2 protein chains.
Amino acid sequence: MWETENHSTIRLDEVDLKIIRQLQSNARITNKDLAAQLNLTTTPIYERVKRLEKMGVINSYVALINPVKVGKGLMALCMVRLEKHTKDKLAAFEKHVANIPEVVECYHLAGQYDYHLKILVRDMNTFQDFIVNKLSTNENLANVQSSFVMSKITDTTAIPMLRNS
Amino acid sequence: MWETENHSTIRLDEVDLKIIRQLQSNARITNKDLAAQLNLTTTPIYERVKRLEKMGVINSYVALINPVKVGKGLMALCMVRLEKHTKDKLAAFEKHVANIPEVVECYHLAGQYDYHLKILVRDMNTFQDFIVNKLSTNENLANVQSSFVMSKITDTTAIPMLRNS
DNA sequence: CGTGAAACGGAGTTAGC
DNA sequence: GCTAACTCCGTTTCACG
């Protein structure tokens with residue numbers, strides 16, 4: 001529940017939530033503008049933002065780049081199954097994947113597959129190079145089921161900040 | 001190729017790439033600091049950043065929030081297959097999904113499944129509510145294969161800015 | 001927790017090469 | 001395309017309610 005703070009969840013009031021919503025859509029909004037929207041002065045905004053940063057609610061501020069404009073025309077999703085699931089085999093695979101720059105996302109899963117990977121490459125040729133020369137050099141890999149992104153319906157880094165859900 | 005500019009890819013020199021790399025890891029770095037790192041003054045940095053924004057290379061600046069700290073303890077990935085693939089049925093499903101706030105990612109896929117969804121919710125109860133009351137209210141949905149994220153090995157918004165791949 | 005004002009530094013502009 | 005210098009405005013701090 002939002003009301004009952006556990007080890008990791010942090011108590012945030014309406015003003016905090018509004019600050020977070022704004023910063024999630026525009027990290028460069030000024031404290032002055034935020035203050036005006038929230039009928040406050042800049043000082044409390046400044047202090048609340050600093051507090052959210054220190055608490056780790058705000059992890060970082062980043063620029064989002066259009067992948068197509070920088071030559072990354074192909075996004076692929078790979079569902080990976082491994083041969084063996086011993087602790088050190090899992091760790092080895094994770095270390096392997098963490099060192100492949102094309103992998104922008106790698107999640108360890110509970111479910112039908114072991115890992116989910118998101119890959120950003122120039123085209124299908126570079127994807128093949130990724131599969132053959134980079135991913136499948138791990139000996140513990142059993143099989144990979146790849147899908148290719150044709151269009152993005154939703155693609156946001158903003159966490160839905162609702163009171164429920 | 002990086003050298004041959006097509007309709008969407010933009011010619012970027014070393015300085016542009018370094019600016020992009022920095023802004024991808026810290027959107028709030030000052031032009032002054034960027035200038036110092038690149039042995040330039042602030043004016044060219046300022047103009048290059050503005051140019052990258054206008055060209056759509058830089059899409060936006062956002063704050064990244066720790067989902068756990070704001071009560072989103074469960075990330076799920078859903079692979080969705082639809083019953084019928086007519087143009088209007090696809091559009092209807094996409095419109096349906098675009099209106100569900102828990103869906104932070106929805107990609108139309110080429111491959112074994114039709115859509116990939118990334119879901120952020122509080123816990124398994126709210127996930128069930130998402131599946132039963134929000135996702136599967138679309139009549140064209142055939143089946144959903146859900147996986148749950150146990151850990152994140154890599155999770156970056158930064159596009160690998162290498163000369164190859 | 002909030003206001004208001006002061007000190008400081010970066011954003012944005014302009015002239016010149 | 002770059003430097004240097006300037007103006008302006010937001011950030012940051014602090015005294016105070």
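Since the structure is predicted, the reported quantities are computational estimates derived from the model, not experimental observations.
Checking D:dT11, C:dA11, C:dC1 against the side-chain heavy atoms of A:Arg48 singles out C:dC1 as nearest. For A:Thr43, whose side chain is taken as the heavy atoms from C-beta onward, the closest listed nucleotide among C:dC1, C:dG12, D:dC14 is D:dC14. Side chain of B:Lys32, nearest nucleotide from C:dG10, D:dC2, C:dG12: C:dG10. The nucleotide whose nearest atom lies closest to any side-chain atom of A:Pro44 is, among C:dG10, C:dT3, D:dT11, C:dT3.
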Donor-acceptor contacts, no H, no angles, side chain residues 105-113 of chain A, under 3.5 Å, sequence neighbours left out:
| from | atom 1 | to | atom 2 | distance (Å) |
| --- | --- | --- | --- | --- |
| A:Glu105 | OE2 | A:Lys118 | NZ | 3.1 |
| A:Glu105 | OE2 | B:Lys118 | NZ | 2.9 |
| A:Tyr107 | OH | B:Lys118 | NZ | 3.0 |
| A:Tyr107 | OH | B:Asp155 | OD1 | 3.0 |
| A:Gln112 | OE1 | B:Gln145 | NE2 | 3.4 |
| A:Tyr113 | OH | A:Gln145 | OE1 | 3.4 |

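Atom CZ of A:Phe93 is separated from atom CG of A:Asp114 by 8.5 Å, given to the nearest 0.5 angstrom. Atom CG of A:Asp16 and atom CD of A:Glu14 lie 9.5 Å apart (nearest 0.5 Å).
A:Asn31 places its CG atom 17 Å from the P atom of C:dG4, with the value rounded to the nearest Å. Here the P atom of nucleotide C:dA6 and the OH atom of A:Tyr46 are 19 Å apart, to the nearest Å. When rounded to the nearest whole Å, the span between CD of B:Glu47 and P of D:dT3 equals 11 Å. If you measure from atom CG of A:Asn39 to atom C1' of C:dG4, you get 17 Å, rounded to the nearest angstrom. Atom P of nucleotide C:dG10 and atom CG of B:Leu34 are separated by 12 Å, given to the nearest angstrom. In this structure, A:Ile29 atom CD1 and C:dA11 atom P are separated by 17 Å, rounded to whole Å. Between the CD1 atom of A:Ile45 and the C1' atom of C:dT3 there is a distance of 13 Å, rounded to whole Å. For the pair B:Arg28 CZ and C:dA11 C1', the interatomic distance rounds to 14 Å; values are reported in whole Å.
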*For DNA chain D, what is the dot-bracket line, given that a base pair needs Watson-Crick (N1 to N3, plus N6-O4 or O6-N4) or G-U wobble (N1-O2 and O6-N3) geometry with both distances under 3.5 Å, and | means paired with another strand?*
||||||||||.|||||.

_Step-by-step side chain to side chain donor-acceptor pair (under 3.5 Å) determination, B:Asp129 to B:Thr126_ = CA-CA 5 Å; B:Asp129 179 65; B:Thr126 48; over 6 Å; no

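Side-chain heavy atoms closer than 4.5 Å link hydrophobic residues (I, L, V, M, F, W, Y) into clusters, and following such links, possibly through other members, connects B:Val144 to B:Leu90.
Contact of B:Thr42 with C:dA11 (side chain to base): no donor-acceptor pair of N or O atoms is detected under 3.5 Å.
Comparing the C1' positions of C:dA7 and D:dG17 gives an interatomic distance of 22 Å, to the nearest angstrom. Between the P atoms of C:dC1 and D:dC16, the separation comes to 23 Å (whole Å).
B:Thr30 comes within contact range of the sugar-phosphate backbone alone, with a heavy-atom separation under 4.0 Å but no base atom that close.
A salt bridge links B:Glu53 with B:Lys50: the distance from a Lys NZ or Arg NE/NH1/NH2 to an Asp or Glu carboxylate oxygen falls below 4.0 Å.
Contacts classified as ring-ring contact (aromatic ring centres under 6.0 Å, His included) and involving residues 42-89 of chain A (residues at least two apart or in different chains) are not found.
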